[in-house]
Structure formats: C-alpha cells, structure tokens
Amino acid sequence: MDQAAVARPMAKASWMVESAEALGADIARAIRIAREGRPGPVHLALPVDLLEQRLTASQPAVTIEPPAGTPDAQAIAGRLARLLESADRPLILCGPALCTPRGRSAMARLETATGVPVIGMESPRGVNDPGLGAFAELLAEADLVVLLGKALDFTLKFGGPLAVAASCRFAVVDADPDLLARAAKAKGPLLVERVEGEAGSVLAALAVSPPAPAAVRASWLARAREALAFLLAAWASARAASGRIHPVELCAAVRDFLAGHPHGTLVCDGGEIGQWPQAIVKTQNRIINGVSGTIGASIPFAIAARLARPEAPVVAVMGDGTFGFHMAEFDTALRVGAPFIAVIGNDARWNAEHQIQLRTYGAERTRYCDLLPTRYDEVVRALGGYGALVTDAADLPAALAEAHASGLPAAINVMIEGVPAPVIRRG
C-alpha cells in the first residue's frame, strides 16, 4: 500500500524515505515543514527494508532549521497600524497556532501596546465559544477585523452579515494562500489588506509599532474585556435536576484543583462536556480538540503533556464517549511513567448527537445515542491505575486530591446530567 499517497491529502507533505542514510535529513526536513508557515502534520513512510538496514559509518549531525518568520513583518505591521488607527471598533483575532502560552503572552502584550482587543480563537464553536463570553456581540459591532493566522471560516460564519456589520472591513495575514483566496472571495472590496506571511512575526512586530492611541478605543477595549469575561450568573449555582452532578459542579472542582497547581495543564475533549471546562476553567496551559471538533484524543494528549512537563499535573476533562476511543492507553501511561487525571463526565450517552436530535426532531425522535453507565474507573483500576466513582459533587475535591497523590494514571468517573453545552446570551 502506498501509505505516503494515502496521507498526502491530509498532511502538509508526505513522502517515503529512500535510504537509511537519508533518514536524519528527511526527519529534519519534515520538522521544518511542520513548523513553518501554517503549522501542520508531515508524514514519513518508513519501508521495512530501510528499518532493517545497518549503517556502518557514523552519520553527520543534522541541523533542524527554525521556522522562518516574515522578512517584511515590520512593514506589514506599519500598514496594519495605519488601518487600526482609522477604526473606532477594531478587533485583532489570532488563530489556533498562536493560542499557546507563548502566543497568548504575545497577544496580551499586543493588546496593551495597541489598545485594541486581541482575542485567540481555537474552538469549533467559534463565535459561540462559551469561553469567549459575549464575543458574538463584539464581532457584530466591529468596524475592522484583523485576522492573524485565523481563517475566515465557519467559526466566524465566513464574515457574513449575520455575524459582522455589512460595512466591516477585514485585513488578513496568513501563511496559507488558499485561505487568503477564500477571504478575498468572501469579502471582496471589504478585504483591505491581504498578506501572505507568518502571523506570529507580524503579531510581534505590531506590538513594537502600535497604532497611535485614540480615546474611543479605550472605551471599546473596556467594553470588549467586559463582554469576554461575561458568564451567566446562573452558572454559579447550577445544580443537576436529575440528582446527578451538573457539569458546572464538575468544572468548579477542576478549577479549584488547578488553582493550587498554576503550572498544571488542562485538556478538554468531547462534544458537549468539552465546552464547559473551556468556559469555566482558566489555565495558563491548555490543550483542546481544535477547530475540527474531533473527539477522542485527550488521553494521548494528556500522556504527552505530562511527559513534556513532568513537574506539573495534567487534568483531562472528557465525556464517556470520548473515553472509549483510547482507554487502553492507560496501560501506556503506566508503562512510560506519565500519571495524569482523567475526569470523565459520564451521562451514558453521545450527548452532542443527542442534543442535535433534540433540537432538530424533538424528544420523541431521539435515537441510538445511549450508552451504558459503565464503571470506567474499574477499567482503569484493572489496568493498574487509580479509579474513583463520584456521584456527589461534594466528593469531587477529595477524589481529585487522592488521584493526584496516588502518582498513578487516574480516572474519576463522574455521573453527570446530560445537559447541552453552554450558550452565552446577554440581554
């Protein structure tokens, strides 16, 4: 099977390594391609006969080139600064590749330097991402939107009139020419700046050469911060109607645990359940399931995060459907010494699909989304990890503390009510 050809449509590059001697250089090239421009996966196919070759001579050292920035980033930043100066209600939106701890620090510096709201977007819920509060209101009022490595895609409703004002102008900086072409097609003459370049270097350059201050932007920034911080007051006292645990109660316990471990990492996965921790649990280090919204990767994510930063705990909040994808990887976590805490919101159903059916067809026509209330904690205990079943929210803090103290890969099986993901609406 031509594995390289199979992977090619889904990767930035894909090829078969031709010789053992070339393997080091090919891997270095793959890493460079993966990191440069718009970051993404690169696939290398390694034939069995290559892997069985014996190299008789030592191989020369291989250098991995750092990703190249945009050479004229300062000039681009100057043009963007002038555009921002011409706007009363501008927004700078940064894409998923910039939503790292380092990228978010750069966003904060840029916001301070420019007085313009700078917002990271990485959720498949887009304008309805509950972690962004009342962001949809801001977007509808903006008169200029600068996209730095952020695609003008479904998460922004393609910049259509239901999401943005009809006269709102756009500026786009992206390393992917296809995304630039999509923006040009969608916005036509309202796309006033279009730059093929690396967004991170432009973000940094813009902070060095910010637009001139404007009094009107100060009030706009204050309004933006208030809107982004908005959470429904009802969440503070949310309780499950069924006698089970509400996702808010689950996330409050996770939030309080990670507050005691500020260098810890939060992993969010799942359809409906994954949205709650994104909105409620604020951490410096976070991994979510990305714009695609695909589910199931949180256990491998958590193992990798703990291996990368072994000094800090990792808490992965996921649904019961999500847990089923890679539950056997708890064996891997035990073997490689990567303890983490999986907090499983167990509502015994594929809740995202269930909620879609409820909205579309009504309660009498929901079908085939039910699961069993399985004891996933016992599964993990059988694999050698720590397991706990929680049916009362008051027991969550102790369960998290005990799971962390165990030093083992842990699963806390939390019996939750299957409620829809939060949606922010004001007024």
Side-chain angles (χ1 to χ4, degrees), residues 1-74 76 94-106 148-149 173-177 196-205 208 263 265 267 284-287 290 297 299-312 314 329 332-340:
M1 183 173 66
D2 190 348
Q3 294 177 351
V6 171
R8 196 164 291 127
M10 298 174 284
K12 289 186 72 176
S14 178
W15 68 90
M16 184 175 69
V17 179
E18 299 291 342
S19 68
E21 290 81 4
L23 180 58
D26 276 3
I27 290 176
R29 177 187 166 208
I31 293 173
R32 174 182 59 79
I33 293 172
R35 296 170 64 197
E36 70 184 3
R38 184 185 182 199
V42 175
H43 174 268
L44 296 185
L46 306 179
V48 173
D49 57 346
L50 179 148
L51 294 174
E52 293 176 346
Q53 288 182 25
R54 183 179 297 275
L55 297 175
T56 56
S58 60
Q59 299 299 298
V62 174
T63 301
I64 299 175
E65 300 176 14
T70 300
D72 54 350
Q74 204 64 54
I76 296 167
C94 299
L98 294 175
C99 292
T100 62
R102 182 181 300 175
R104 290 192 181 276
S105 294
L148 298 182
V173 178
D174 204 290
D176 189 334
E196 184 174 343
E198 196 276 315
S201 59
V202 174
L203 183 151
V208 174
H263 299 293
T265 299
V267 181
Q284 179 182 5
N285 304 302
R286 183 179 88 159
I287 304 170
I299 294 174
F301 280 175
I303 295 172
R306 189 61 197 260
L307 291 174
R309 305 179 74 249
E311 73 283 1
V314 177
E329 296 305 329
T332 302
L334 196 67
R335 284 185 287 106
V336 301
F340 69 96

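All values reported here derive from a predicted model rather than from experimental measurement.
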For Gln74, enumerate each residue passing the side-chain hydrogen bond (donor to acceptor under 3.5 Å, both in side chains) test, keeping only those at least two apart in sequence or located in another chain.
-> Ser209
Sequence neighbours left out, what passes side-chain hydrogen bond (donor to acceptor under 3.5 Å, both in side chains) with Asp26? Give chain and number order.
-> Trp15
Backbone N or O of Pro101 within a donor-acceptor pair of the Asn285 side chain at under 3.5 Å?
-> no
Could I get the full list of salt bridge (Lys or Arg N to Asp or Glu O under 4.0 Å) partners for [X], not counting sequence neighbours?
X: Arg29; value: none
X: Glu311; value: Arg309
X: Arg335; value: Asp331

Closest contact, heavy atoms only, [X] versus [Y]:
X: Leu50; Y: Glu18; value: CD1-C, 4.0 Å
X: Ala73; Y: Ser201; value: CB-O, 3.8 Å
X: Leu203; Y: Cys94; value: CD1-SG, 3.6 Å
X: Gly200; Y: Leu98; value: CA-CD2, 3.8 Å

What's the separation between atom [atom1] in [X] and atom [atom2] in [Y], rounded to the nearest 0.5 Å?
X: Thr100; Y: Arg286; atom1: OG1; atom2: CZ; result: 12.0 Å
X: Leu46; Y: Leu23; atom1: CG; atom2: CG; result: 6.0 Å
X: Leu44; Y: Gln3; atom1: CG; atom2: CD; result: 11.5 Å
X: Arg306; Y: Thr265; atom1: CZ; atom2: OG1; result: 9.5 Å

Are any of the side-chain heavy atoms of Pro47 and Met16 separated by less than 4.5 Å?
-> yes
Salt bridge (charged side-chain N to carboxylate O under 4.0 Å, His left out): which pairs involve residues 34-57, sequence neighbours left out?
-> Arg32-Glu36, Arg38-Asp176
